[in-house]
Amino acid sequence: MKKVIIPVALIAAIGLIGPKLAGSSYNTQLDEFVTSVNDMPGYTATINERTQNWFTSSSVIEFGLDPAMFEDEALPAEQMEMFQDLTFTLNVNAQHGPVLLLNGFSLGLTAVKAETDLDTFRDSLQYAGDQSFYTIAGNVGFTGSFNGTDTIPSFTQAEGTIDGGSLEFSGWKGEFSVSSSNTIYDGAMDSFKFAAPDADTEVTISTITMESSLEGSFAAAMENVLYNSNAKFVMGELAVSSPLEEANMSMRNFVIDAVTKVNDAGTLMDMDLNYAMDELSVVGVDAKNVLLKTEFNNLEKTFFQAYQEASMDPELLPEVMETKLLPQLQANPEINIAELSGQINDGNFTGKIHTKLEGVDAMPALITDTSFWMSKLVVDSKISMDKAMALWIGEQAVSAQMMSDPNTAGMTEEEISAIAAQQVEGMIGMFTQQGMITVTPEGMHEMTFTMKDGQAMLNGNPMPLPF
């Protein structure tokens, strides 16, 4: 009989004591979260109300923007008041484990559900009466991982708020997983549509997805400026329809891909930021398969952190540049366009630009000493395009020059374009004779520029510098 009583008593103890322990842990983590938000430049978080019982906890948290971040912008008083009022409130309810029922039956430490007030934005937006504008819900498991979802319901504009226009949003749904080893968030929406009050201009966005992952916990990332991460943003389609021809545009499959990677010592970080687009159509331009890959390598922790902090207070920037810049320069920083390619109208192009500062052991006597920086700069670049692309770029350059000439003030854009088309072949031929452009047997127009130890080379030939 005793063998039966002991397990039953243990289960009962866990059921009674567990919620108290879970509640204490939850509220401690809530305080830490609010502190981390306030430590982020430009943001504020305040717990206005809090109640902690044995089995449940509830709190009201107000989030906002710190008006101090706009003090140097010399904004009018009414705009400053707008930023001071730009806040929203989350009503947070938590159930203490081990038995969780708040978000459906589960076992774990805590179940959490946070929602905005039911009347949030209802004066301007119309959405289901039994839904909150924003909801985030999830459970904390026994291992401390926090998994859940966040949602924004579908909405339209409230009657009378946009005279003659319209606003439609399909809603947003995201999923997240937060643990000590990683933080993952994925979200998506189907559509967004806005028509201006005159109903002649319309903006439509179809399908947006976001994927992100962060190595380590979210709290750790807030404390460290360098971290390993991946993020991807995809917009399926963007269309702008307007009676003004120059305002019309369409874009398909626009992608932003970002990756950060920290070295083993935790002192340097590389950042890749890539852009891709399947199609873009605006007045006079039809672009396809456009790709831009950029790299920011060897970002040094001390300088990167100081620079981020000073960005909120520009008065600190001179001190940062004087006291923190050298370690960054000694790390041989790189800013690269690893790849630039695509098709514009009938022309194709590809290129790269690699730049690096190398061999900086000490700061120059004058930070504006151009010859010093040129002696440390390493450049390796190349641009290649077919004849159609070269002609198109040349026409744009000549047209822009002619439009700024007072003597062509009475000419139409069509007349200027026609003259530019006649001149551009001769201009390209002149640049080729001067060695500024080389033409391959395949007809590709190329330009290479390199620099090392203060010596610049254009297409393999020495190029004098103006300093």
Side-chain angles (χ1 to χ4, degrees), residues 31-46 62-87 214-229 231 258-263 265-273 294-336 355-377:
D31 289 333
E32 293 174 351
F33 168 73
V34 169
T35 299
S36 68
V37 172
N38 287 318
D39 288 341
M40 296 171 62
Y43 298 94
T44 63
T46 305
E62 183 178 86
F63 297 89
L65 295 177
D66 185 357
M69 69 187 296
F70 303 103
E71 288 180 351
D72 295 322
E73 301 298 327
L75 298 176
E78 59 271 18
Q79 292 189 24
M80 288 297 294
E81 290 179 4
M82 178 189 71
F83 287 116
Q84 290 174 348
D85 296 335
L86 195 59
T87 62
L214 181 70
E215 187 176 295
S217 68
F218 180 77
M222 295 301 97
E223 295 176 0
N224 298 293
V225 293
L226 306 185
Y227 47 81
N228 297 324
S229 68
V259 178
T260 61
K261 185 173 179 58
V262 183
N263 67 351
T267 56
L268 300 176
M269 181 176 74
D270 293 344
M271 178 187 300
D272 295 346
L273 190 57
T294 64
E295 299 173 345
F296 304 87
N297 294 337
N298 300 328
L299 300 175
E300 196 272 331
K301 184 176 182 178
T302 303
F303 174 76
F304 197 54
Q305 182 172 13
Y307 185 85
Q308 284 190 325
E309 294 172 353
S311 64
M312 302 303 301
D313 187 356
E315 293 182 358
L316 297 176
L317 281 176
E319 180 183 352
V320 169
M321 300 301 286
E322 181 179 348
T323 61
K324 306 294 185 181
L325 182 57
L326 182 57
Q328 174 63 84
L329 299 176
Q330 291 174 327
N332 299 332
E334 300 179 15
I335 300 179
N336 303 322
T355 63
K356 177 171 66 173
L357 283 174
E358 189 175 70
V360 178
D361 298 320
M363 295 293 293
L366 293 175
I367 197 170
T368 56
D369 185 352
T370 304
S371 61
F372 172 83
W373 297 114
M374 291 301 99
S375 69
K376 306 299 182 182
L377 180 63

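Everything numeric here is computed off the predicted structure, so don't read it as measured data. When reading the values below, keep in mind they use all heavy atoms of this one structure, side chains included, and skip hydrogens, waters and symmetry mates. In this chain, numbering begins with 1 at the start of the sequence shown.
- In this structure, Val262 and Tyr227 approach most closely via the heavy-atom pair CG2-N, 3.3 Å.
- A donor-acceptor pair under 3.5 Å is formed between the side chain of Gln328 and the backbone N or O of Asn298.
- At a threshold of 4.5 Å between non-hydrogen side-chain atoms, the residues Trp373 and Ile367 count as touching.
- Under a 3.5 Å cut-off, the side chain of Glu295 and the backbone N or O of Asn297 do not form any donor-acceptor pair.
- Of all heavy-atom pairs between Gln330 and Val360, the closest is CG-O, 3.3 Å.
- Atom NZ of Lys376 has more than 12 heavy atoms from other residues, nucleotides or ligands within 6.0 Å.
- In this structure the side chain of Asp270 never reaches within 4.5 angstrom of the side chain of Leu299, judged on heavy atoms.
- Taken to the nearest 0.5 Å, the OG1 atom of Thr44 stands 7.0 Å off from the CD atom of Glu62.
- Side-chain contact between Met321 and Phe303 is present, with heavy atoms from C-beta onward closer than 4.5 Å.
- For the atom pair Glu358 CD and Glu334 CD, the distance stands at 9.0 Å (nearest 0.5 Å).
- Using a 4.5 Å cut-off on side-chain heavy atoms (C-beta onward), Met269 and Asn263 make no contact.
- Surrounding CD of Glu322 are at most 12 heavy atoms belonging to other residues, nucleotides or ligands under 6.0 Å away.
- Side-chain contact check for Tyr307 versus Leu325: every heavy-atom pair is 4.5 Å or farther apart.
- In this structure, the side chain of Asp272 does not engage the main chain of Val259 through any donor-acceptor pair within 3.5 Å.
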